[in-house]
Number of protein chains: 2
Amino acid sequence: MTASPPVARRRDAERTRAEILAVATAEFADRGYDGARVDEIAARTSTTKRMIYYYFSGKRQLYVAALEAAYARIREAEQQVSVDHLGPADAIRRIAEVTFDHHEANPDFIRLVSIENIHRAEHITRLPSLVKINTPAVLLLDRILSRGREAGEFRADVDAIDVHLMISAFCFFRVANQHTFGAIFERDLLDPARRAHYRKMLSDMVVAHLTTL
Amino acid sequence: MTASPPVARRRDAERTRAEILAVATAEFADRGYDGARVDEIAARTSTTKRMIYYYFSGKRQLYVAALEAAYARIREAEQQVSVDHLGPADAIRRIAEVTFDHHEANPDFIRLVSIENIHRAEHITRLPSLVKINTPAVLLLDRILSRGREAGEFRADVDAIDVHLMISAFCFFRVANQHTFGAIFERDLLDPARRAHYRKMLSDMVVAHLTTL
DNA sequence: TAACTAACGTACCGGTTCGTACATTAGGGA
DNA sequence: TCCCTAATGTACGAACCGGTACGTTAGTTA
């Protein structure tokens, strides 16, 4: 056995790279691209700043790598959902709930997307891995909408992307704008006591819209 | 007439201050707090950097002043809406449409709010002019909801802030996330050809939810 | 075991950027 | 008219920060 599995190698390119990416994701999500500090990312790592440039070439490329990895994780999570055994309305509810839970569980991703929008998506646009791939969520919605329309339960003037927009807008805003909303209206949108209320409100809203013919 | 109105005074504190604030608002909205450059703001002004510190003391205070002024303008615009002559459902539609138009017409305000949320609303929280004042929009919604419930047309398990959340989330997301959404789904949410569709979709959605008892 | 390369560390540089010390001028009031 | 102060302009400093030159070590392979 010459190729024994290396246990706790002193030098491990994969591990070092992954650690840098994880710390960078947190730092960029926390402070934004311009607010993030390369020195700070390095300090929170068990390695040095030199390694960031060794593996990622620069601050910008590190940010892009973090963004790409974050999107990849979301895509993978979306793949897991299956709603083929449910009726159209319940299937829509299920998608809404999964999206709701997903946004709540991944605030760093939400923040990265907000930050990327402040930069007018200039980085994401150049990522071939991100464009032109319809997300699992939208493909799923498209099938459900077809079933609902065939059954005469759903209206026909909205498509899958429109429904995805409705759902995402609510889920995203609730997390992304929790701070200003909380400051102005004195209502904590993430208060666990209100979670069930908003989760139900979202699916009620989407289903009510789709079934109002 | 010793106090003749000064026409195009060479020195005008009010005018200089206002110009700095206007340029700063655009710069902060464009690049975010950390991305904005004090030298750049000064360069776009007809005065110098020294005046920024003379009138606003520092970059941070300038940002806070820009944010505060932006919120004040929004409040003022919300005051103008009157829907007392409309039935509950149509009144809701009117509010949704006004909010929709308002978000589309003020992308800089949207961006400032996004930026402030990245900073977890740390600046806005310290502004006494912003907290505890219920916005005109919410007060209006509250009256409409009461009328709708009394008429037996509206459900009773949502309050004015909830409805405001539904409407704002959709309007805000459509503008704030247009870039990443456009890149991923290849759909321009601000395409004029789709404007009427989304405007109607929003009010349909909110009214459908409220009238589904 | 020698030698070669991937992986890692240290120290530092140069430009950027917020902020200010200091000088100056416009304009109103006594 | 003279003077006092609000308003403005210039030049510069000091710290920060992204990036790199240069040197070192671990692990692999012949």
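- Relative ring orientation between Tyr33(A) and His123(A) is described as tilted, the plane-to-plane angle lying within the 30° to 60° band.
- Rounded to an integer number of Å, the gap from CE of Met51(A) to C1' of dT25(D) is 12 Å.
- What separates CG of Asp34(A) from C1' of dG18(D) is a distance of 12 Å, to the nearest Å.
- Distance CD1 (Ile52(A)) to C1' (dG18(D)): 11 Å, rounded to an integer number of Å.
- You'll find that the side chain of Tyr55(A) is closest to dA7(C), out of dA7(C), dG19(C), dT20(D).
- Scanning atom types as modelled, one donor and one acceptor separated by under 3.5 angstrom connect the side chain of Lys49(A) and the base of dG19(D).
- Checking Tyr55(A) against Gln61(A) by side-chain atom types alone, no donor-acceptor pair falls below 3.5 Å.
- Among the heavy atoms of the strands, none lies under 4.0 Å from Ala42(A).
- Between the CZ atom of Arg60(A) and the P atom of dC17(D) there is a distance of 18 Å, given to the nearest Å.
- For Thr48(B) and dT10(D), the shortest distance from a side-chain N or O to OP1 or OP2 is not below 4.0 Å.
- Between Glu40(A) and Arg44(A), at least one side-chain nitrogen of the basic residue sits less than 4.0 Å from a carboxylate oxygen of the acidic one, meeting the salt-bridge criterion.
- Looking at Arg195(A) and Asp101(A), a side-chain N of the basic residue comes within less than 4.0 Å of a carboxylate O on the acidic one, giving a salt bridge.
- Comparing dG18(D), dA7(C), dA21(C) by their closest approach to the side chain of Arg50(B) singles out dA21(C).
- When distances run from any side-chain atom of Tyr54(B) to the nucleotides dA7(D), dC18(C), dG18(D), the shortest one goes to dA7(D).
- With dC8(C), dA7(C), dG18(D) as the choices, the nucleotide that has an atom nearest any side-chain atom of Tyr53(A) turns out to be dG18(D).
- For Phe56(A) and dC8(C), the CZ to P distance is 12 Å, given to the nearest whole Å.
- Residue contacts shown for Arg37(B) are limited to sugar-phosphate atoms, with no base heavy atom under 4.0 Å away.
- Atom-to-atom, CD1 of Ile41(B) to P of dG19(C) comes out at 11 Å; the value is rounded to the nearest Å.
- Contact annotation: Thr16(B) does not reach the phosphate of dA7(D) (side-chain N/O to OP1 or OP2, under 4.0 Å).
- Following rounding to the nearest Å, Arg15(B) (CZ) and dA26(C) (P) show an atom-to-atom distance of 18 Å.
- Of the candidate nucleotides dG9(C), dA7(C), dG19(C), dG9(C) has the atom nearest to the side chain of Thr47(A).
- Salt bridge absent: Asp162(B) and Arg194(A) never bring a charged side-chain N and a carboxylate O closer than 4.0 Å.
- When rounded to the nearest whole Å, the span between CG of Asp39(A) and P of dC13(C) equals 16 Å.
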